[in-house]
There are 2 protein chains.
Amino acid sequence: MPTIYDVARQAGVSAATVSRVLNGRQSVDPDMVARVLAAVRELGYRPNAVARNLRRSRTTLWAVIISDIGNPFFTATVRGIEDVAQQAGYSVVLCNSDENPAKEETYVAAALSEQMAGVIIASAGSGKAAKALLESSIPVVAIDRKLPRGEVDTVVVDNEAGAREATEHLLGAGYRRVACITGPEGVSTADLRLRGYASAMPGEPLVVRADFREQGGYDAMSALLSGPDRPDAVFVANNLMAVGALRCLAEHDVNVPGEMGLVGFDDIPWADLVRPSLTTVAQPTYELGRMAARLLVDRIASPSGKPSTVVLPAELHARQSSRLT
Amino acid sequence: MPTIYDVARQAGVSAATVSRVLNGRQSVDPDMVARVLAAVRELGYRPNAVARNLRRSRTTLWAVIISDIGNPFFTATVRGIEDVAQQAGYSVVLCNSDENPAKEETYVAAALSEQMAGVIIASAGSGKAAKALLESSIPVVAIDRKLPRGEVDTVVVDNEAGAREATEHLLGAGYRRVACITGPEGVSTADLRLRGYASAMPGEPLVVRADFREQGGYDAMSALLSGPDRPDAVFVANNLMAVGALRCLAEHDVNVPGEMGLVGFDDIPWADLVRPSLTTVAQPTYELGRMAARLLVDRIASPSGKPSTVVLPAELHARQSSRLT
DNA sequence: GTGAAAGCGCTAACAA
DNA sequence: TTGTTAGCGCTTTCAC
């Protein structure tokens, strides 16, 4: 691999001049520019970003740490992030924690060690990861889920209102006994959606905690079906678990929506092709990503200043799975 | 941010000793180890990976460049890659080219500049990106799609056989006029699946090219429906396009499988929940990722040596969408 | 407008 | 076993 000195020698100039040409921030004699560019081409020179980052003490990389790469919600959000990042001159490094706090800590440590310019994170709930981020003073934006005891820029949807609306929708359709399958305790989306559900329930709440994954939703639904107090409808606090629940119901020949109503949180790409089509509380994923990225750009530009929290609205998409009559 | 010298001063040792303690490759006096670790903790020291990478002239990062983060095929494959990478001490940096050759080139350039340890790529078809990779001598493994004129380690499924089987399956079910919706010319999966289809077709092939995305599948199906020579079945060369085609058929009230049979390539997570459930040629995604990662580990260990190509079998999952009777 | 030289933070020869 | 020292490749003063 040729270095900047090889290029300098080839062009008959100093390394400083090559650097100036390549970074284009200072004016350089046109002749020299031409010679340098020719030398770059001849040698196939590629600047060493590691050296540049070290010298500049900064990088143009963002770590985007999401908790499940298999969840369409996150992949759609990432698209929004990427579009803004690219425009602002940053590259996005995607990290998949798989809802595993240990993996999440590893990725946070890597982001800090690699001196990344900023972090966007949907925390899997690791207090350690959050602590490391907050202590490091690296610019951080939390998405989807609040960072545990973290005073950072945050973009979320109105989980409580969305969950309440979903529950009221089921009750309004005529279901009597609405259960809730939510996510792990301590994950803000799980707790807030549960609260929204509970606030809309007139009677005793019926709650099962699972892990925000498809199999978890399946198992939770299974437990509800064989439990002592079988519900006639269920609000499921995320999309993958809703799919799992739906599969469980199909396998047990429980008619949806006749015998069991179902509403999920987070849309899925093919909610309308599934039968019965899935009623969901949809989130503005792409916009959420864009907003988070914009906040990060601003935070990098001005690291001090009070963090802001943006709450985006969620919207009920009524489809077949909640249509009792 | 404290440096290794701050730690050294605090612990009353040299920077070299701190480095040795932290990297644990040389034996160090236990007393010193304790002092160093204490100093590290007190100062909240975190090694600067950028400096280390520069000094060592290598990194422990892999760039995994996929062409569509919204495609479950790729996300499942990434899981397999990650598991092997982690075990081998590498971190995975995921890059989404969005089927856009320009983006792909950008990511390849970044991977090279950042001195990444290796690249796993499902090429969006950019000859330029392939050229840059091959010239650089960075370890590369191609997945899913062959790298344009690239002699590199490759993991693919048997696209031609899978497509042939899908087509024969439709013909065997009693469909007469089977069309094919495939991907962009020059992308090996698109061309090979087309070839497999054509080899199984007794009569004149009926082919539409699209872009491997859902909307493309929708539009292609639309064109087939209104074309002069309407088919009674269609083999769709990837999963997202199959979903698009299905949606198009649903919106046009074309009965599937009665009026139109459908087989897709690549499974989708909810193929069995969609109605009609989707017949697909499924690929061993997770295993594909693991295999690619293992090849990359080997290639990094021994950069010379002939590249190998691994062909994994694809498997037809017959469901409702191809059941004529 | 250009070049010489210092130094980003770390690791690895080499000496002691 | 430990410390001294050089240098990875680049950018950025500082002098000219």
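In what follows, chains are A, B, ... by sequence order, proteins preceding strands, each numbered from 1.
- Residues in residues 47-72 of chain A take part in these salt bridge (Lys or Arg N to Asp or Glu O under 4.0 Å) pairs, two or more places apart or across chains: A:Asp68-B:Arg79.
- Within a heavy-atom distance below 4.0 Å of DNA chain C, no residue of residues 40-53 of chain A is found.
- Partners of A:Thr3 under the side chain to side chain contact (heavy atoms under 4.5 Å, CB included) rule, at least two apart in sequence or in another chain, are A:Tyr5, A:Asp6.
- Bounding nucleotides for the chain B contact on DNA chain C, 5' to 3', at a heavy-atom distance below 4.0 Å, are C:dG9 to C:dA13.
- Running 5' to 3' along DNA chain D, contacts with non-hydrogen atoms of chain B at under 4.0 Å begin and end at D:dT1 to D:dG9.
- The salt bridge (Lys or Arg N to Asp or Glu O under 4.0 Å) pairs that include a residue from residues 10-31 of chain B number zero, where partners must be two or more places apart or lie in different chains.
- Residues from residues 4-13 of chain B that place a heavy atom under 4.0 Å from any atom of DNA chain D, listed by number: B:Val13.
- Within residues 16-31 of chain B, the residues having any heavy atom under 4.0 Å from DNA chain C are, by residue number, B:Ala16, B:Ser19, B:Arg20, B:Asn23.
- Every pair passing salt bridge (Lys or Arg N to Asp or Glu O under 4.0 Å) that includes a residue from residues 105-131 of chain B is listed here, sequence neighbours excluded: B:Lys131-B:Glu135.
- The side-chain hydrogen bond (donor to acceptor under 3.5 Å, both in side chains) search around A:Glu42 returns A:Gln10, not counting sequence neighbours.
- Taking five base pairs at each end of the helix from C:dG1-D:dC16 to C:dA16-D:dT1, the local helix axes there meet at an angle of 40°, rounded to 10°.
- By the side chain to side chain contact (heavy atoms under 4.5 Å, CB included) test, B:Ala132 pairs with A:Arg46, B:Val108, B:Leu112, sequence neighbours left out.
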